[in-house]
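Everything on this sheet refers to the single structure shown next.
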Protein chains: 2
Amino acid sequence: MPDPAPDPAIAFHAHDHAHCCGGLIAEAEAIAASRSVRLTPVRRRVLEILLEEHRALGAYDVLERLARDGFGNQPPVAYRALDFLVDQGLAHRVARLNAFMACTHPGHSHTPAVLICRLCRTVAEAPGSRVRAAIDAEAETAGFAVERTTVEVLGLCPACREGAR
Amino acid sequence: MPDPAPDPAIAFHAHDHAHCCGGLIAEAEAIAASRSVRLTPVRRRVLEILLEEHRALGAYDVLERLARDGFGNQPPVAYRALDFLVDQGLAHRVARLNAFMACTHPGHSHTPAVLICRLCRTVAEAPGSRVRAAIDAEAETAGFAVERTTVEVLGLCPACREGAR
DNA sequence: CGTCTGAACGTTATGCTATAACATACGCCA
DNA sequence: TGGCGTATGTTATAGCATAACGTTCAGACG
Ligand SMILES: [Zn+2]
Ligand SMILES: [Zn+2]
Ligand SMILES: [Zn+2]
Ligand SMILES: [Zn+2]
């Protein structure tokens, strides 16, 4: 199958975005089926909304777009769908922004480092395993048992970095 | 001088807490003086409140305690003091908790890894430099220019880990 | 089929987190 | 002493998140 190791930070590069979204929706369908959980219309639409741009959206932004499409327009509608996607690893919560982003590498259980461009607001995922190893080492020293990690990085993406010079 | 490298995760160990707080207040005074910024009564009291326990407090928890002491009891009073402390590196924001903690190693410019016990809510700082190096390496690969990092770890502190067995 | 059941969804209401905007007080220095 | 910048007090509002309850719907089972 023609799906080699994808660029982790694909969000930062020009790419066939329609293909990127379509593929991720298809992956989500497959994952949901394999786990016997339901990617219902609301959940699917929320994932599509998150995928539309490589940016993190607040729950109320998502809600507004949902309402336009005729879904319920009360906060729990958005939060429940977002919680589902996060639980299934199809989206990530960005604590620094109180916002949510679609996962670009679902399936692999991972805790990515989230790269957030402070100028264009683009958000990408970098591999988290090396960072996680460093965290585990420090935690070990402190006698702390790691369960979940949050690694978020604010800075400039390649494009904005170029523009800022 | 009798001040050897302090235990980074002192919060997780039994210690002379009055001495620990007093020392940190004194350090804060010195830092403020050296930078010609003012550790005013509100700011100082907020730092004391954060130091009372090694836990992260929400702005409204801080505010409630401030009000008891006769300071203003509107949100901006707490937020302004907290922002000052964070700017000066005397406190840290914990994004995962929407809360604030006193810094236990002020002065050293640092971005610690914050260790949060999910049972007792104790919060400690682990050295962030190795984690930061790992982040820099991943960011380099993605062409991303790192400016600020958030590293927060949820898990069990040594005591709760023992109790949970 | 018909009915039961649990998951998902819609809706109301409320609570927590954070900041904008403006007024007042105070210390410092020309 | 007058002006200025910093800090504080206060009002109002914006933004984020969840509790609680009723309704709908798909699938399981007899
Ligand atoms: Zn991901
Ligand atoms: Zn950018
Ligand atoms: Zn610190
Ligand atoms: Zn604990």
Side-chain angles (χ1 to χ4, degrees), chain A residues 28-29 32-33 35-50 55-88 90-101 116 121 150 152, chain B residues 28-29 32-33 35-50 55-88 90-101 116 121 150 152:
Chain A
E29 304 264 24
R35 293 180 190 160
S36 301
V37 295
R38 301 181 355 192
L39 191 63
T40 62
V42 200
R43 292 167 175 176
R44 187 191 156 112
R45 183 72 193 112
V46 169
L47 182 55
E48 287 172 359
I49 289 167
L50 291 180
R55 302 208 293 120
L57 292 183
Y60 281 72
D61 296 322
V62 171
L63 183 59
E64 186 185 316
R65 288 164 169 80
L66 271 184
R68 278 190 224 143
D69 296 345
F71 293 98
N73 71 338
Q74 302 307 316
V77 173
Y79 280 103
R80 282 194 289 236
L82 288 165
D83 289 348
F84 169 85
L85 295 173
V86 170
D87 286 347
Q88 296 299 323
L90 301 173
H92 300 293
R93 181 166 225 294
V94 185
R96 266 195 93 101
L97 304 177
N98 293 322
F100 301 83
M101 64 188 284
I116 307 163
R121 317 296 296 168
T150 301
E152 295 173 2
Chain B
E29 305 264 24
R35 293 180 190 160
S36 302
V37 295
R38 300 185 336 175
L39 191 63
T40 62
V42 202
R43 292 166 175 177
R44 188 191 156 114
R45 183 71 194 111
V46 169
L47 182 56
E48 288 171 1
I49 288 168
L50 291 181
R55 303 211 291 120
L57 292 182
Y60 282 72
D61 296 324
V62 170
L63 183 58
E64 186 186 316
R65 289 163 168 79
L66 272 183
R68 278 190 223 143
D69 297 345
F71 294 97
N73 71 338
Q74 303 307 315
V77 175
Y79 279 102
R80 282 194 288 237
L82 288 165
D83 288 348
F84 169 85
L85 295 173
V86 170
D87 285 348
Q88 296 300 321
L90 301 173
H92 300 293
R93 180 166 227 293
V94 186
R96 267 195 90 102
L97 304 177
N98 292 320
F100 301 83
M101 64 188 286
I116 308 163
R121 317 295 298 172
T150 301
E152 296 173 2

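Chain naming here is simple, since letters A, B, ... match the order of the sequence lines and numbering starts at 1 in each. Keep in mind the model is a prediction, meaning the values are calculated, not measured.
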Just the rounded figure in Å: distance from [atom2] of [N] to [atom1] of [X].
{"X": "A:Y60", "N": "C:dC16", "atom1": "OH", "atom2": "C1'", "result": "11 Å"}
{"X": "B:E64", "N": "C:dC16", "atom1": "CD", "atom2": "C1'", "result": "13 Å"}
{"X": "B:L57", "N": "C:dT17", "atom1": "CG", "atom2": "P", "result": "11 Å"}
{"X": "B:L63", "N": "C:dA18", "atom1": "CG", "atom2": "C1'", "result": "12 Å"}
{"X": "B:Q74", "N": "C:dA23", "atom1": "CD", "atom2": "P", "result": "17 Å"}

### Task
Could you tell me which residues satisfy salt bridge (charged side-chain N to carboxylate O under 4.0 Å, His left out) with A:R55, sequence neighbours excluded, listed by chain and number?
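Residues passing salt bridge (charged side-chain N to carboxylate O under 4.0 Å, His left out) with A:R55: A:E53.
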#### Entry: By salt bridge (charged side-chain N to carboxylate O under 4.0 Å, His left out) - contacts of A:R44 (at least two apart)
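Applying salt bridge (charged side-chain N to carboxylate O under 4.0 Å, His left out) to A:R44 gives A:E29, A:E48.
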Output all residues satisfying side-chain contact (heavy atoms from CB on, under 4.5 Å) with [X], sequence neighbours left out; order by chain, then residue number.
{"X": "A:D61", "value": "A:L57, A:R65"}
{"X": "A:V37", "value": "A:A32, A:R35, A:F84, A:Q88"}
{"X": "B:N98", "value": "A:N98, B:R93"}
{"X": "B:Q74", "value": "B:P76"}

### Message
For C:dA18 and B:N98 - does any side-chain N or O of the residue sit under 4.0 Å from the phosphate oxygens OP1/OP2?
### Response
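So the side-chain polar atoms of B:N98 do come within 4.0 Å of the phosphate oxygens OP1 or OP2 of C:dA18, strictly under.
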### Message
For a side-chain contact (heavy atoms from CB on, under 4.5 Å) check, start with the C-alpha distance between B:D83 and B:R80, then their side-chain angles and the critical distance, and finish with the verdict.
### Response
CA-CA 5 Å; B:D83 288 348; B:R80 282 194 288 237; 5.5 Å; no
Could you go through nucleotides 6-9 of chain C and list every protein N or O atom that sits under 3.5 Å from one of its N or O atoms, giving the distance for each pair?
{"residue": "C:dA8", "atom": "OP1", "partner": "A:R43", "partner atom": "NH1", "Å": "3.3"}
{"residue": "C:dA8", "atom": "O5'", "partner": "A:R43", "partner atom": "NH2", "Å": "3.2"}
{"residue": "C:dC9", "atom": "OP1", "partner": "A:T40", "partner atom": "OG1", "Å": "2.4"}

### Task
Give every residue pair that meets the salt bridge (charged side-chain N to carboxylate O under 4.0 Å, His left out) criterion with at least one member in residues 69-78 of chain A, sequence neighbours excluded.
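Every pair satisfying salt bridge (charged side-chain N to carboxylate O under 4.0 Å, His left out) with a residue in residues 69-78 of chain A: A:R45-A:D69.
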### Terminal contacting nucleotides, 5' and 3', DNA chain D versus chain B (heavy atom, 4.0 Å)
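Extent of the interface on DNA chain D: D:dA7 to D:dT11.
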